[in-house]
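Chain letters run A, B, ... following the sequence lines, proteins first, then strands; residues in each count from 1. Predicted model, so just to flag it, every value in this text is computed and none were measured.
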2 protein chains.
Amino acid sequence: MSKSALHRGVGVALWRQIGDEIRRGIGTGLADENGRLPPEAELAARFGVNRHTVRAAIAALVHEGVLRSEQGRGTYVRRQKRLTYPIGARTRFSTGLEGQARDRQIELLDHAREPANATVAAALGLEPAEEVIRLEMRGLADDIPVSRSTAWFRAAQFPEIADYFARTHSITQALALSGIKDYRRASTTIEARHADDTDTRDLRLSPGAIVLVARSLNVDSNDKPIQYSQTRFSADRVELTVQG
Amino acid sequence: MSKSALHRGVGVALWRQIGDEIRRGIGTGLADENGRLPPEAELAARFGVNRHTVRAAIAALVHEGVLRSEQGRGTYVRRQKRLTYPIGARTRFSTGLEGQARDRQIELLDHAREPANATVAAALGLEPAEEVIRLEMRGLADDIPVSRSTAWFRAAQFPEIADYFARTHSITQALALSGIKDYRRASTTIEARHADDTDTRDLRLSPGAIVLVARSLNVDSNDKPIQYSQTRFSADRVELTVQG
DNA sequence: TCTAGTTGTCTAGATCAATAGACAAATTTG
DNA sequence: CAAATTTGTCTATTGATCTAGACAACTAGA
């Protein structure tokens with residue numbers, strides 16, 4: 001059925017070629033109507049390799065979040081549809097994804113207090129090199145990384161923001177603990193580019209994958225900037241919708 | 001300078017990634033004005049790998065015919081320009097490439113006497129399953145494979161064609177020994193496709209390379225078909241020109 | 001001729017890739 | 001419950017890939 005054969009000895013591992021073939025085959029009849037793949041033994045026979053080699057390919061796709069294996073049952077395509085991430089003045093990460101994933105969470109990877117660079121200072125309306133708090137976060141849906149974001153806050157105004165976020169795992173609640181009752185998204189710009197090394201690591205992407213980059217500014221009820229952030233999404237797993 | 005970094009642990013060997021990078025870098029300033037590449041040690045430092053890994057990449061490109069290494073001097077880009085192969089009523093492989101390569105030759109890889117398939121029988125105007133002589137040949141220019149061709153002749157008319165060709169390494173002379181004083185190319189069709197496994201082996205191509213396929217019919221001075229052949233060229237090394 | 005620079009060859013060890021086989025663990029079906 | 005199916009884990013072996021270091025062979029230039 002598949003025209004392309006595997007190439008040995010050309011510097012591309014068989015498990016990688018098989019993984020690419022499976023990823024391509026999803027949507028073109030490789031999986032059945034329930035999203036179930038043929039058993040490993042059958043795939044191994046079809047590709048003419050050992051079952052362990054197929055398992056290596058599947059393991060890579062499971063790690064990427066494309067497949068899900070269940071012992072005794074089979075291997076399934078994980079999510080046919082992308083997450084739809086709404087972008088609007090009053091949307092929050094926590095509320096926007098309701099119903100699209102069973103389990104959602106934001107991890108705090110790192111945080112620091114440091115002088116603002118030119119871009120951040122301009123966005124937040126700070127003096128040059130005024131101190132900011134920087135948070136490095138990662139969003140997961142059903143344990144698959146979907147976003148990787150960096151957020152900056154004016155240090156003088158939000159000295160405890162990192163602690164608050166670590167405690168609540170929510171920007172909205174961390175801001176509330178800092179005395180911000182309400183805020184809105186003033187602007188968002190969106191671009192797309194190839195994943196760099198940081199992206200492939202943090203979002204578990206393959207080299208060559210595409211990421212969406214959203215830069216947004218949140219302001220308080222007096223339109224004063226309080227948060228500037230840059231978020232990278234896996235374009236395979238997420239689509240953005242801008243709300244009027 | 002180079003934006004793309006190497007990716008480890010993704011199922012693509014480093015030597016392969018480096019080889020692709022070098023092939024791409026040719027023409028964009030990687031080689032100097034004499035076509036000389038930076039020394040292996042410098043490339044190794046630039047890519048952040050061991051010198052042996054760079055050597056593996058270069059060895060693959062030398063085998064492909066893209067590069068040429070000279071001990072003590074350096075590594076050079078082999079041929080910036082493609083061979084131009086003329087296609088016309090009276091052109092011969094031996095005469096067409098004059099001056100474009102120092103050394104030209106045609107190897108006889110295999111030959112057989114067998115019943116003609118439908119395509120060959122139709123082209124040569126034979127009875128169904130009439131016997132033909134099939135020759136498998138490879139053309140080299142400066143020791144780089146540039147073409148791989150299969151030719152069919154009516155066995156009853158040219159029983160000794162394989163011997164004659166093996167002796168003379170020339171279709172024109174083999175036909176002359178068979179009593180054909182003159183012949184011309186009646187028609188040629190050209191198509192392009194991706195290299196299959198046979199092509200990558202015989203023409204020393206990378207998987208994914210492109211081949212040009214030319215099918216042509218030679219007829220004698222009475223317009224009677226005498227030879228049908230199919231030739232595959234490496235699209236990286238050859239271009240075809242059709243002469244009015 | 002001597003020296004510096006460059007490619008070629010060899011040895012050795014560490015890790016990755018692929019094969020092979022056996023059996024455990026979980027699920028579904030009869 | 002029993003059997004069949006399927007994924008998970010383990011051991012072992014072979015070859016490919018990558019690193020490291022040393023030195024030979026060849027070329028070009030001082």
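Rounding to whole angstrom units, CZ of residue A/Arg16 and P of C/dC16 are separated by 17 Å. Going from atom CD of B/Glu40 over to atom P of C/dG8 covers 6 Å, rounded to whole Å. For B/Asn50 and C/dC10, the CG to C1' distance is 14 Å, given to the nearest whole Å. Distance, B/Asn34 CG to D/dT27 P: 17 Å, rounded to whole Å. Atom pair B/Phe47:CZ and D/dT19:C1' shows a separation of 17 Å (rounding to whole Å applied). Protein atom CG of B/Leu14 is 7 Å distant from nucleotide atom C1' of D/dC18, rounded to whole Å. Atom CD1 of A/Ile58 is separated from atom C1' of D/dG8 by 12 Å (rounded to the nearest Å). C/dA14 atom C1' lies 13 Å from atom CZ of B/Arg8, rounded to whole Å.
For the pair B/Ala56 and A/Ser69, both in contact range of DNA chain D, the more 5′-proximal nearest nucleotide belongs to A/Ser69. Sequence order on DNA chain D of the closest nucleotides to A/Pro38 and A/Gly11 puts A/Pro38 first from the 5' end. Between A/Val12 and B/Gly74, it is B/Gly74 whose nearest contact on DNA chain C lies nearer the 5' terminus.
Closest approach of B/Asn34 and B/Tyr76 over heavy atoms only: O-CD2, 3.7 Å. A/Arg204 and A/Pro145 get closest at one heavy-atom pair: NH2-CD, 3.5 Å.
We find that B/Asp20 and B/Arg16 are joined by a salt bridge, their nearest charged nitrogen and carboxylate oxygen being less than 4.0 Å apart.
Comparing D/dT17, C/dT27, D/dT9 against the side chain of A/Arg55 picks out D/dT9 as the nearest. The B/Trp15 side chain lies nearest to D/dT17 when the options are C/dT19, D/dT17, D/dT6. Listed candidates were C/dA18, D/dT17, C/dT6. Nearest to the side chain of A/Thr53 is C/dA18. Here the nucleotide nearest the side chain of B/Gln71, chosen from D/dA25, D/dT17, D/dT7, is D/dA25. For B/Arg73, whose side chain is taken as the heavy atoms from C-beta onward, the closest listed nucleotide among D/dT7, C/dT6, D/dT27 is D/dT27.
The backbone N or O of A/Asp199 sits nowhere less than 3.5 Å from a side-chain atom of A/Arg148 that would complete a donor-acceptor pair. With B/Glu40 contributing its side chain and B/Arg55 its backbone, the two residues share no donor-acceptor pair below 3.5 Å.
Nucleic acid contact for B/Arg68: none, since no nucleic acid atom lies under 4.0 Å from a heavy atom of the residue.
Donor-acceptor pairing under 3.5 Å, judged by distance alone, is present between the side chain of B/Arg51 and the base of C/dG8. One donor-acceptor pair, N or O on each side, does fall under 3.5 Å between the base of D/dG21 and the side chain of B/His52.
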